[in-house]
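Reading through the structure tokens given below for one structure.
Letters A, B, ... mirror the listed sequences (proteins, then strands); counts begin at 1.
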Amino acid sequence: MRFSKLFGKTLRQAPAEAESVSHQLLLRAGMIAQEAAGIYSYLPMGWRVLKKIENIIREEMDKAGGQELMLPVLQPFELWQQSGRYVSFGKSLFTLTDRKEHTLALGPTHEEVITDLVHRYVQSYRELPLLLYQIQTKLRDEPRPRSGLLRVREFIMKDLYSFDADEAGLDESYQKMCKAYRNIYARLGLPTLVVEADSGAIGGKESHEFMVLTEGGEDEVIYCSSCGYAANVEKAQFAKTAETVIPVSRNPESSEGEAKNLLSLEEIATPGTKAIEEVADFVGVPTSQTLKSVFYYADGEFIFVITRGDLEVNETKLRNALKCSDLRLATESEVNEAGLVAGFASPIGVKGVKVVADDSITLGSNFVVGANKPGYHFRNANYPRDFQVDLMADIALAQPGDSCLRCQGKLSLARGIEVGHVFKLGTFISERFGASFLDNDGKSRPIVMGCYGIGLGRLLAAIVEQSHDDQGIIWPLSVAPYQVYLCPLSLDKPMVAPTAEKIYQELQKEGIEVLFDDRDDSPGVKFNDADLLGIPLRLTLSPRTLQSQSVEAKWRMEKEAQLLPLENLAVQMKKLLDEAVKAQS
RNA sequence: CGGGGCGUAGCGCAGUUGGUAGCGCGCAGCGUUCGGGACGCUGAGGUCGGAGGUUCAAGUCCUCUCGCCCCGACCA
């Protein structure tokens, strides 16, 4: 490709709307262009990268036994009613009506379509296992598109669906996919961490995410460096320490003789203390000896949530515990309307309200808790002596510094980009679509499903987030839009232009992908563009190098250049590139 | 949806008490340059996001509206 003819120009300054590194660099390099919030065009450079990523994914899916097919974007809304998932997807599901006033959905994912399809074609265990995949556009009306390609409303995704006869088969398919995913990320030069994840709107029981750890990521990962435990913060568990009981009462007689050292409930004045820290300070106890009350609306129902005062509520865990789809904090006036005193609310004596508690409230005793009266708290509140809860679950947010549930090591937190997500769906979708098969006993059983997704654009952006310097992108050879940047300087000087032209032809004949900077620009412009675009190998020729019958070769990620003789250049280049590919894998 | 910010040339920005729009980059032409974003001259490019209002006069003031970005609740 001749640079002078390339569509999409490089920019010195990034457009103001771009904030994340990948967004800025991809815009500046002329690889993508924005059309609307979360909607992008791929320009020729960016599209070449995307297609290379796509091919790597396709190769690995095929190698794992996947069969590629193509499912429709336009889907009958009835499929979504049948699965029931139009509820969990909510407003993220784009819908439209056709000329006959029939509602159609724009596919945010394809479990419905493929399960409907498989149910019509698969009847016997002999046809299982089955791995079907596609690479195509998904549409989701995300509440907030973000960070360029990292979170968009229209995106290309590889989605594979596994169909197995039983759980053991699903485990096998799941492992096969995890391995294929690891191969893909390795070939893209992308270090990833596999973390336990919440399955969200997709549903299912077990799921893992593949995370690229980087500052710009929007996910948070909790991990333990001693035992290797890692989970999305939405899912992460931790060891809740049992707090040692500090007797808070000055009544010595009540602190003796009790099996669990439970003291009697006592109302105390705590004027002006609303926040947990203020209350704890005022009473003189650690926050872990207080109880925190938080209020939510879950699918329209008012919920009273209690955790130990040192812990925060994990809304994903809470949502799962409540099995609700819509969850939001209640406003202060809603709290008051529920008959509670915001800041001094108490589970003691509360009536007609659903109470959910984190199981940490059983690890400790004699807690300080609101008295539901302005300016007053109780001390020595104990569950279940003083109050009841409707639901007890783990709904606490893991935080860095907490202890690992498995090994007691210290947990750490890192930001990451979710570049892949695999789910063990089980049978809840196949059952709704009647996707069953006859086993070898002639018994009808639901097909056990899994699904496995990779967002290609996000993957592309993740590579940039993770592989760049202040000059621009550094593409791994496997996905670079071109392998070689041919960069002649002083084109009007004798021999430069014709030699460059000749090299350009020879390299192409050798099957090397070349971006030929045939522009009559100064060296600085050319070098800066070469770096910005991130082409792995730069070949510079100038009167200076031609004097010694050579050209200069420089790797994008290295500082030093080497001189290569003009003679047999294409063959040498081919060798260089092949060696680099080998070194990478 | 809640909170914050921004819409003026392709990109980055300026525009004073309201007086009819400018700078840098980029783009076109000519010339001089040529190993890390060179320089000179000439030139093209604007419904000032949109609608309504106030005014002799609106990029500037008022009202409404649309779009985009960032922080939160959602996801590949």
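When Watson-Crick and G-U wobble pairs are counted only if both distances are under 3.5 Å, B:G12 pairs with B:C23. Using Watson-Crick or G-U wobble geometry with both donor-acceptor distances under 3.5 Å, B:C1 finds its partner in B:G72. If you check B:A58 for Watson-Crick or wobble pairing at under 3.5 angstrom, you find it has no partner at all. Using N1 to N3 plus N6-O4 or O6-N4 for Watson-Crick, or N1-O2 and O6-N3 for G-U wobble, each under 3.5 Å, B:G18 pairs with nothing. B:U63 is paired with B:A51 under the Watson-Crick or G-U wobble criterion, all donor-acceptor distances under 3.5 Å. For B:C39, the paired base is B:G31 (Watson-Crick or G-U wobble, both distances below 3.5 Å).
One P atom belongs to B:G19, the other to B:U60, and the distance between them is 11 Å to the nearest Å. The gap from the C1' atom of B:G59 to that of B:A44 amounts to 23 Å, rounded to the nearest Å. Taking atom C1' in both B:G49 and B:C56, one finds a spacing of 27 Å when rounded to whole Å. Taking atom C1' on both B:C62 and B:U55, the two are 12 Å apart, rounded to the nearest angstrom. Comparing B:G29 with B:U65, their C1' atoms are spaced 44 Å from each other, to the whole Å. A distance of about 15 Å separates the C1' atoms of B:C11 and B:G7, rounded to the whole Å. Comparing the C1' positions of B:C66 and B:C23 gives an interatomic distance of 29 Å, to the nearest angstrom. Comparing B:C69 with B:G52, their C1' atoms are spaced 27 Å from each other, to the whole Å.
Atom CD of A:Gln547 has 12 or fewer heavy atoms from other residues, nucleotides or ligands within 6.0 Å.
Checking A:Trp80 against A:Glu112 by side-chain atom types alone, no donor-acceptor pair falls below 3.5 Å. A side-chain N or O of A:Tyr40 and one of A:His23 form a donor-acceptor pair less than 3.5 Å apart. Of the N and O atoms on the side chains of A:Asp529 and A:Thr10, at least one donor lies less than 3.5 Å from an acceptor on the other residue. A donor-acceptor pair shorter than 3.5 Å can be found between the side chains of A:Glu35 and A:Ser41.
A donor-acceptor pair is defined here as one N or O able to donate and one able to accept, closer than 3.5 Å; such a pair exists between the side chain of A:Gln136 and the backbone of A:Leu71. Side-chain atoms of A:Arg140 come within 3.5 Å of backbone atoms of A:Pro108 as a donor-acceptor pair (strictly under, hydrogens ignored).
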Practice task
Assign a letter to each nucleotide of nucleotides 23-36 of chain B from its 5' end: B, base within under 4.0 Å of a protein heavy atom; S, sugar-phosphate only; -, no contact.
Solution key: -BSSS------BBB
Completion exercise
For nucleotides 65-76 of chain B, 5' to 3', base contacts (B), sugar-phosphate-only contacts (S) and non-contacts (-) with protein non-hydrogen atoms under 4.0 Å give ---SSBBBBBBB
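Ion pairing between A:Lys235 and A:Glu206 fails under the 4.0 Å rule for side-chain N and carboxylate O.
Residue A:Ile57 holds its CD1 atom at 12.0 Å from CG of A:Asp62, rounded to the nearest 0.5 Å.
Side-chain to base pairing of A:Arg28 with B:G10: no donor and acceptor N or O lie closer than 3.5 Å to each other.
Sorted by first and then second residue, the ring pair (Phe, Tyr, Trp, His ring centres under 6.0 Å) pairs with a member in residues 179-207 of chain A read A:Tyr181-A:Phe210, A:Tyr185-A:Phe210; sequence neighbours excluded.
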